[in-house]
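What you see is a predicted model, and the numbers here were worked out from it, not measured in a lab. Chain identifiers are assigned alphabetically (A, B, ...) following the order of the sequence lines, protein sequences preceding nucleic acid strands; residue numbering begins at 1 within each chain. Scope of the values below: all heavy atoms of this structure, side chains included, with no hydrogens, waters or symmetry mates.
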Amino acid sequence: MSFTRLLGLGVLVLIFPASVFAVAINSDVGLTPSKEQWIIRSQLRYTKKSDDPTTQDRELEVFTMPQTLVYGFTEKASVILTIPFLSKELDATTDGIQTSRGDAGLGDLLLLGKYRLYTKDYPSATSRFSVVAGTDVPTGQSGDADARDKLPRDLQLGSGSADPLVGGAYTWQSLDDEWDLNLAYQFNTTANKFEFGDVLTYTVAYQRRVWPIKLPERGLYAQWNVVLEANGQWEQQAQSHGGRLDNTGGHLLFLSPGVQVATKHFVIESSIQIPVLQNLNGNQVEPDFALVASVRATF
Amino acid sequence: MRLVLGILIVALGLTGLVIPNSAAEIEGIQLQVDGLSCPFCALGLDKRLKQRAGLDGIQVHLKQGVTEATLPHSQGLDVGKVQRAVQEAGFTLRGIKLTVIGKISRDGGHFTVVSRHDGTTFLLFDAEHQDTEAGSALSQALQQRLKHAQQTNRLVKLRGSVHEHAGLPAGLMIESFEELAE
């Protein structure tokens with residue numbers, strides 16, 4: 001069974017440095033928290049991949065629960081820690097026999113620093129740009145085995161390597177709507193003579209307030225938003241023992257409609273990611289969709 | 001009977017909560033804050049204004065871009081701390097408006113108002129004469145009214161916008177003036 005054909009895709013769901021504000025659901029934003037402000041985000045993400053071009057009829061299900069904690073050291077500088085819990089299961093058919101393999105547990109931590117470089121404030125609106133840099137930390141198991149054998153790379157919970165990430169995000173936000181642009185690049189490094197390909201992610205997101213239709217003259221209010229994002233990710237081919245793996249890497253683009261409720265203390269939101277472009281190298285299982293639900297709280 | 005008494009006690013308690021602090025000497029504080037554009041972003045401002053500037057009763061009005069606040073009894077207003085609090089929350093302070101109840105005095109020939117209980121001092125300017133040079137920043141009519149209030153030692157109620165002066169008390173650009181009955 002050629003499990004390596006799934007390489008890379010299993011970890012792609014984690015590399016978006018997700019926002020913690022009342023903004024884009026599947027990407028980062030230009031906003032930063034206030035000094036000494038905490039924000040926590042608990043997310044549940046379900047990804048299903050079943051469009052297999054081979055006869056193995058492979059089907060991969062990934063549950064991810066990234067728990068993100070953000071702290072503002074100053075109004076411009078903040079630190080972001082994401083602790084992901086993962087569950088992966090791959091079903092495949094070989095010679096008429098269906099097999100199921102998988103793993104669950106802690107994935108690789110993601111530690112990022114964020115700094116707001118540009119700010120232009122207007123009455124009830126703002127324009128901001130921030131840069132982000134950090135690395136994931138190989139806390140997830142990368143050598144787990146089941147009763148059959150050592151699990152293939154894509155079913156491991158961690159990459160085994162520390163992989164630096166840099167990026168930038170711009171946000172225009174008003175009381176009515178919001179635009180977010182996000183670009184991030186992850187330099188995947190080698191572990192155990194294996195290296196996932198570098199990953200470039202990009203997002204264009206638009207958010208529109210739908211309720212209240214007419215803003216109250218005074219006070220705060222619970223705000224309902226609809227969100228539409230285009231989330232792209234391009235991944236280099238992976239390398240093993242110095243050689244490139246044919247069935248890895250490629251370009252994916254998701255269209256992600258979502259809905260969000262934002263209050264002073266909480267944001268509750270949900271989104272579905274639908275692939276609209278799948279240009280994957282070789283014979284890889286293509287994603288069907290991803291479902292996302294999350295809660296953010298600030299204190 | 002116990003139920004009626006209970007309701008009465010609760011009602012009295014609630015009434016006590018909404019009675020305005022009539023002894024407040026600086027009141028009706030309004031901060032014009034730019035960049036505040038989502039409900040989820042408001043908590044940071046709320047916290048910084050309380051912790052850094054010691055303000056109370058914070059109410060953010062998103063549509064107006066205005067945040068209202070009160071001062072705890074007998075606490076003076078530090079304009080610099082308010083500015084830093086808004087900055088630390090990640091926003092831009094465009095202006096502060098407030099009402100001062102106090103007495104008129106003179107500091108180096110310039111009219112000032114000294115808040116009655118907390119002693120906060122503001123240099124006084126005339127909103128209708130913003131173009132004039134410092135030292136003649138008050139219209140003749142306003143100067144007469146201030147002089148009268150000083151001579152009679154009457155309490156006055158002034159409302160206006162506040163600005164900082166390096167090394168000097170903050171300035172109050174008077175928009176309304178009222179002499180109070182003792």
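- B:L62 touches chain A through backbone and side chain together, each having a heavy atom under 4.5 Å away.
- A:T298 touches chain B through backbone and side chain together, each having a heavy atom under 4.5 Å away.
- Interface remark: A:F266 contributes backbone atoms only to the contact with chain B (heavy atom separation under 4.5 Å).
- Taking a 6.0 Å sphere around NZ of B:K63, one finds it holds more than 12 heavy atoms contributed by other residues, nucleotides or ligands.
- Contact annotation: the side chain of B:H61 never approaches that of A:E217 to less than 4.5 Å [non-hydrogen atoms, C-beta and beyond].
- Looking at A:S124, both its backbone and its side chain come within 4.5 Å of chain B, counting heavy atoms on both sides.
- In this structure, the portion of A:R116 lying under 4.5 Å from any heavy atom of chain B is its side chain and not its backbone.
- Proximity to chain B (any heavy atom under 4.5 Å) is restricted, for A:A297, to the backbone atoms N, CA, C and O.
- B:R94 and A:D121 are not joined by a salt bridge, as no carboxylate oxygen comes within less than 4.0 angstrom of a charged side-chain nitrogen.
- With rounding to the nearest 0.5 angstrom, the CD atom of A:Q223 is 12.5 Å from the CZ atom of B:F40.
- Enclosure of atom CH2 in A:W224 is not indicated, since only 12 or fewer non-hydrogen atoms of other residues, nucleotides or ligands lie within 6.0 angstrom.
- When B:S37, B:G90, B:G65 are compared by the number of non-hydrogen pairs under 4.5 Å with chain A, B:S37 comes out ahead.
- Residues A:Q173 and B:C38 have side chains in contact (heavy-atom distance under 4.5 Å, counting atoms from C-beta outward).
- Side-chain contact between B:Q59 and A:R218 is present, with heavy atoms from C-beta onward closer than 4.5 Å.
- Contacts of B:E88 with chain A are made by both backbone and side-chain atoms, with heavy-atom separations under 4.5 Å.
- With chain B as partner, the option from A:T263, A:T74, A:D176 having the largest number of non-hydrogen pairs under 4.5 angstrom is A:T263.
- Salt bridge present: B:R48 and A:E36 bring a charged side-chain N and a carboxylate O closer than 4.0 Å.
- Taking chain A as the reference chain and counting heavy-atom pairs below 4.5 Å, the highest number among B:V66, B:V33, B:D46, B:T67 is found for B:D46.
- Contact of B:Q32 with chain A is not made at all, since no heavy-atom distance falls under 4.5 Å.
- Here the NZ atom belonging to B:K47 is positioned 9.5 Å from the CH2 atom belonging to A:W38, to the nearest 0.5 angstrom.
- A distance of 8.0 Å separates CG of A:L220 from CG of B:L36, quoted to the nearest 0.5 Å.
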